[in-house]
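Reviewing the structure listed below.
Whatever order the structure lists ligands and atoms in, that order sets their numbers, starting from 1.
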Amino acid sequence: MDEQPALKTERLLLRPFVASDALAVQTLAGDRRVALMTGDIPFPYPDGLAERWISGHPEAWAQRTTITYAVCLRDGDTLVGCVGLRCVERHLRASLGYWIAVEHWGQGYCTEAASAVVKLGFDQLGLRRIEATHLPGNSASGAVMRKLGMTHEGVMRSYFIRDSESHDLHLYAMLSTD
Ligand SMILES: CC(C)(COP(=O)(O)OP(=O)(O)OC[C@H]1O[C@@H](n2cnc3c(N)ncnc32)[C@H](O)[C@@H]1OP(=O)(O)O)[C@@H](O)C(=O)NCCC(=O)NCCS
């Protein structure tokens, strides 16, 4: 099995998650201001889930189904967030997802980390399309998508249900040829 490469940006190191990140993931991603803005992070965040989630990453990398990066400061120890791609191999397409710990918001970390993962997706994984979605109230996420160079493709109405409530989602995407 080939190893998932670490990615370096000006201020950040993106590396695979390791088991010892689990408590930080549960605490940071389990913050309601993070979890409730996403489609797949439960709130409250149950014990044991972060360990199980991290343990699945090597196989998902090997299959190229999901590519997940821990976003760290350049020391490699301070976890500030997560960026990932969920790939649909048949269509050379992936959806981009991310979260940044609340105390690190507003410093450009998400845009910096996601840019590196988008580049990996197009240059190394051969993707032709990378898309992303956000809830209507999540203007910061929309700003990240635009800063990445994505195009707003529309609003998917009643696309997503959380706690029995339907939500619209804004859809953004970029192509390898953009
Ligand atoms: C969305 C999120 C990842 C952004 O992380 P970040 O590191 O703060 O992002 P960046 O600093 O790279 O960019 C944020 C941009 O949003 C803008 N922004 C922040 N709050 C905003 C608001 N309420 N309205 C409009 N824009 C806003 C910032 O000004 C910045 O844009 P700028 O650089 O042009 O000024 C972070 O807020 C987060 O983790 N939110 C909860 C989880 C989540 O929403 N995940 C994505 C699900 S779609």
Self-check item: Residue pairs fulfilling side chain to side chain donor-acceptor pair (under 3.5 Å) with at least one residue in residues 142-152, sequence neighbours excluded
Solution: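 Output for this query lists Thr111-Lys147, Arg146-Tyr172, His152-His170.
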Practice problem: Could you name each residue pair satisfying salt bridge (Lys or Arg N to Asp or Glu O under 4.0 Å) that touches residues 81-91, not counting sequence neighbours? | Solution: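 For residues 81-91, and leaving out neighbouring residues, the salt bridge (Lys or Arg N to Asp or Glu O under 4.0 Å) pairs sorted by first residue read Asp40-Arg86.
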Quiz item: Can Leu171 be reached from Val88 by stepping across I, L, V, M, F, W or Y side chains whose heavy atoms are under 4.5 Å apart?
Solution: no
Quiz item: What are the two closest non-hydrogen atoms of Glu153 and Ala173, and how far apart are they?
Solution: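 Result for this residue pair: OE2-CB, 3.5 Å.
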Quiz item: Of Thr78, Leu13, Leu79, which meets side-chain contact (heavy atoms from CB on, under 4.5 Å) against Leu73?
Solution: Thr78
Quiz item: If you group Ile, Leu, Val, Met, Phe, Trp and Tyr whenever their side-chain heavy atoms sit less than 4.5 Å apart, what else falls in with Phe43?
Solution: Leu36
Quick one: ligand 1 N/O to protein N/O pairs below 3.5 Å?
unit_1, atom_1, unit_2, atom_2, d
ligand 1, 7 (O), Cys110, N, 3.0
ligand 1, 8 (O), Gly106, N, 2.7
ligand 1, 11 (O), Gly108, N, 2.7
ligand 1, 12 (O), Thr111, N, 3.0
ligand 1, 12 (O), Thr111, OG1, 2.6
ligand 1, 13 (O), Lys147, NZ, 3.0
ligand 1, 33 (O), Lys147, NZ, 2.6
ligand 1, 39 (O), Ile100, N, 2.8
ligand 1, 39 (O), Ile100, O, 3.2
ligand 1, 39 (O), Trp105, NE1, 3.4
ligand 1, 44 (O), Asn138, ND2, 2.6
ligand 1, 45 (N), Tyr98, O, 2.8

